[in-house]
Amino acid sequence: MARRVALVLGGGGLKGFAHIGVLRALEELHIVPDTFAGTSIGALIAAAHLGGISVSEMMARVQSMRRKDLFRVNHFGMLLDRMQSRSIYLEEPLRQLCADAVPEGTFDDLPRRLLVNTVDLDQGARVVWGLPGLRDVSVREAVYASCALPGYFPPGHVGARTCIDGGVVDNLPVSITAQFADLIIAVDVGSSDASQVARADTQGFATIYMRAATMMMHALQQYPLQSWNGPPMVLIRPKVNDANWLSFADTSANIEEGYRAAMRALRDIDTYWDNPRCVYPRRRVEIFVDRQKCTGCGTCVTIAPNLMDMDGEGKAYAVSRTVDWSPADGGFVHECPTLAISTTNGNGGTSSEEFEAQRDPTPSGAGG
């Protein structure tokens with residue numbers, strides 16, 4: 001029986017152009033997913049790919065796009081309706097983008113399974129289009145709804161439901177996708193390094209809102225990732241700039257980073273099979289606590305009780321100083337309010353340095 005691979009593409013605004021680089025890497029590595037799942041821009045790119053748009057054509061299209069092609073302020077609506085206006089931006093540009101990228105038809109018309117993650121705004125419940133019983137609807141309408149970030153674009157109508165961006169509940173729908181896969185490749189562009197962003201109080205309301213959304217999405221998806229109980233998962237987190245959710249400035253760089261991150265994470269994929277409940281790639285990490293900085297607040301113990309504890313002097317310490325981590329682990333390090341916790345890789349460098357050293361691997365058998 002053939003082993004099934006599922007590709008899950010998360011939401012993250014225009015940072016999600018990194019997904020195109022991931023598709024390029026998969027092509028070069030001859031990895032063909034049986035199931036595609038996505039939220040927001042992840043759903044759009046997955047649907048476009050299944051609809052027949054090649055990676056090279058996708059790259060050309062997005063690199064030629066400009067802000068006015070998608071973001072046109074709803075001046076008239078906000079002037080007349082004020083707080084009753086449904087969105088900051090007009091609906092038509094996003095609908096046109098979906099129409100240009102996604103073929104007409106239902107989910108049954110696609111060559112492979114596609115799952116599009118949305119939220120029913122009236123019921124407050126997640127609806128994943130493409131699941132059994134949820135297939136006889138327009139793929140194009142489902143993708144629009146999945147991209148309809150609340151407040152930014154008006155909700156969409158899929159069948160009889162009013163739906164919005166699925167990232168409100170689950171930005172990386174790996175759990176629902178697990179039933180169709182023996183291995184999952186998940187691409188998270190919604191939880192990248194917020195430290196790259198300038199001080200929040202120097203930014204406009206849109207940047208502040210999106211930064212808050214990043215934190216929310218990261219918190220929502222951490223539990224299912226840290227307590228993963230499904231098939232083996234390759235978690236790819238491209239290092240894309242959180243400041244550019246709504247900017248086309250980094251399009252080429254994001255695509256390239258998606259490619260590099262995927263090649264880096266997938267180079268040992270043949271060793272990941274038959275290891276359920278594991279998230280890859282994994283690395284050896286050492287945990288350090290600066291006792292001078294530690295205030296004994298206990299935040300780290302609350303978040304990671306299996307890894308951290310308090311000593312007799314009320315200072316935090318690592319229960320096991322050396323641990324084996326996946327990209328889903330270690331979130332508590334950044335939660336320390338005094339930055340008293342740090343990590344290094346097994347070679348003595350910082351964890352980030354370890355990943356930087358692996359930015360350009362070329363797995364055996366990979367294309368050029």
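All figures in this text were calculated on a predicted structure; none of them were measured in a lab.
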Does NZ or CZ of Arg113 lie under 6.0 Å from the centre of the six-membered ring of Phe36, at an angle within 45° of the ring axis?
-> no
Examine Arg135 relative to Phe107 and say whether NZ or CZ is less than 6.0 Å from the centre of the six-membered ring and inside a 45° cone about the ring axis.
-> no
When clusters are formed by joining ILVMFWY residues with side-chain heavy atoms under 4.5 Å apart, either directly or through shared neighbours, do Met59 and Leu50 land in the same one?
-> yes
Between Tyr317 and Arg291, is any pair of side-chain heavy atoms under 4.5 Å apart?
-> no
In Å and rounded to the nearest 0.5 Å, what is the CZ to CZ distance from Arg112 to Phe180?
-> 15.5 Å
Say whether, by atom type as modelled, one donor and one acceptor occur between the side chain of Arg237 and the main chain of Pro327 under 3.5 angstrom.
-> yes
Measure across Cys300 and Ala316 and return the closest heavy-atom pair with its distance rounded to 0.1 Å.
-> SG-CB, 3.6 Å
If you round to the nearest 0.5 Å, how far is NE2 of His49 from CG of Leu44?
-> 13.0 Å
Main-chain N/O of Trp273 paired with Asn275 side-chain donor or acceptor, under 3.5 Å = yes
Look only at the side chain of Glu91 and the backbone of Pro154, and say whether a donor-acceptor pair between them is shorter than 3.5 Å.
-> no
What distance separates Asn171 CG from Leu9 CG, expressed to the nearest 0.5 Å?
-> 11.0 Å
Hey, does the side chain of Asp188 reach the backbone of Leu235 with a donor-acceptor pair shorter than 3.5 angstrom?
-> no
Decide yes or no for Leu114 and Val139: does some side-chain heavy atom of the first lie under 4.5 Å from some side-chain heavy atom of the second?
-> yes
Do Val323 and Phe332 share a hydrophobic cluster (ILVMFWY, side-chain heavy atoms under 4.5 Å, transitive)?
-> yes
Which atom names give the shortest non-hydrogen contact between Gly12 and Val189, and what distance separates them?
-> CA-CG2, 4.0 Å
Check the surroundings of atom CG in Asp100: do more than 12 heavy atoms from other residues, nucleotides or ligands lie under 6.0 Å from it?
-> yes
Does any N or O in the side chain of Asp329 come within less than 3.5 Å of the main-chain N or O of Ser326, such that one atom is a donor and the other an acceptor?
-> yes
Please check if Leu172 and Phe17 belong to a single hydrophobic cluster, counting links between Ile, Leu, Val, Met, Phe, Trp and Tyr side chain heavy atoms closer than 4.5 Å.
-> no
Could you tell me whether Arg284 and Asp324 have a side-chain N and a carboxylate O separated by less than 4.0 Å?
-> no
Would you give the length of the straight line joining atom CD1 of Ile287 to atom OG of Ser320, rounded to the nearest 0.5 angstrom?
-> 7.0 Å
Ignoring hydrogens and angles, tell me if any N or O in the side chain of Asp311 forms a donor-acceptor pair with the backbone of Lys315 under 3.5 Å.
-> yes
Going hydrophobic residue to hydrophobic residue with side-chain gaps under 4.5 angstrom, can you get from Leu14 over to Tyr144?
-> yes
Under 4.5 Å between any side-chain heavy atoms of Leu70 and Leu94, yes or no?
-> yes
If you measure from OG1 on Thr177 to CG on Leu115, what distance do you get to the nearest 0.5 Å?
-> 5.0 Å
Check Gly166 against Val119 and note the closest heavy-atom contact, atom names and distance.
-> CA-CG2, 3.9 Å
Is a donor on one side and an acceptor on the other found under 3.5 Å between the side chain of Thr338 and the backbone of Lys293?
-> yes
Side-chain donor or acceptor of Lys15 paired with backbone N/O of Val240 under 3.5 Å | no
Basic-acidic side-chain contact under 4.0 Å: Arg24, Glu256 = yes
When rounded to the nearest 0.5 Å, the distance separating CG of Asp182 from CG of Asp274 is 8.5 Å
Could you pull out the closest heavy-atom pair between Ala47 and Val143, with the gap in Å?
-> CB-CG2, 3.8 Å
Using a strict cut-off of less than 4.0 Å between a Lys/Arg side-chain nitrogen and an Asp/Glu carboxylate oxygen, indicate whether Arg161 and Asp120 qualify as a salt bridge.
-> yes
Beyond-backbone contact of Pro238 with Val187, side-chain heavy atoms, under 4.5 angstrom | yes
Decide yes or no for Leu7 and Leu23: does some side-chain heavy atom of the first lie under 4.5 Å from some side-chain heavy atom of the second?
-> yes
Which heavy atom of Cys163 sits nearest a heavy atom of Thr118, and at what distance?
-> SG-OG1, 3.8 Å
State, yes or no, whether a side-chain contact exists between Leu26 and Leu266 at a heavy-atom distance under 4.5 Å.
-> yes
Hey, are the side chains of Met308 and Thr302 touching, using non-hydrogen atoms and a 4.5 Å cut-off?
-> no
Do NZ/NE/NH1/NH2 and the carboxylate oxygens of Arg95 and Glu141 come within less than 4.0 Å?
-> yes
Hey, quick one: are Tyr89 and Met65 part of the same hydrophobic cluster, counting side-chain heavy atoms closer than 4.5 Å, chains of contacts allowed?
-> yes
4.5 Å side-chain heavy-atom contact, Gln179 and Leu131 | yes
Flag for Ser138-Glu104: side-chain donor and acceptor within less than 3.5 Å = no
Closest heavy-atom contact between Ala262 and Ala25?
-> CB-CB, 3.6 Å
Quick check: does any side chain N or O of Ser146 sit under 3.5 Å from a backbone N or O of Ser40, one acting as donor and the other as acceptor?
-> yes
Take the angle between the ring planes of Tyr272 and Tyr280 and call it parallel below 30°, perpendicular above 60°, tilted in between.
-> parallel
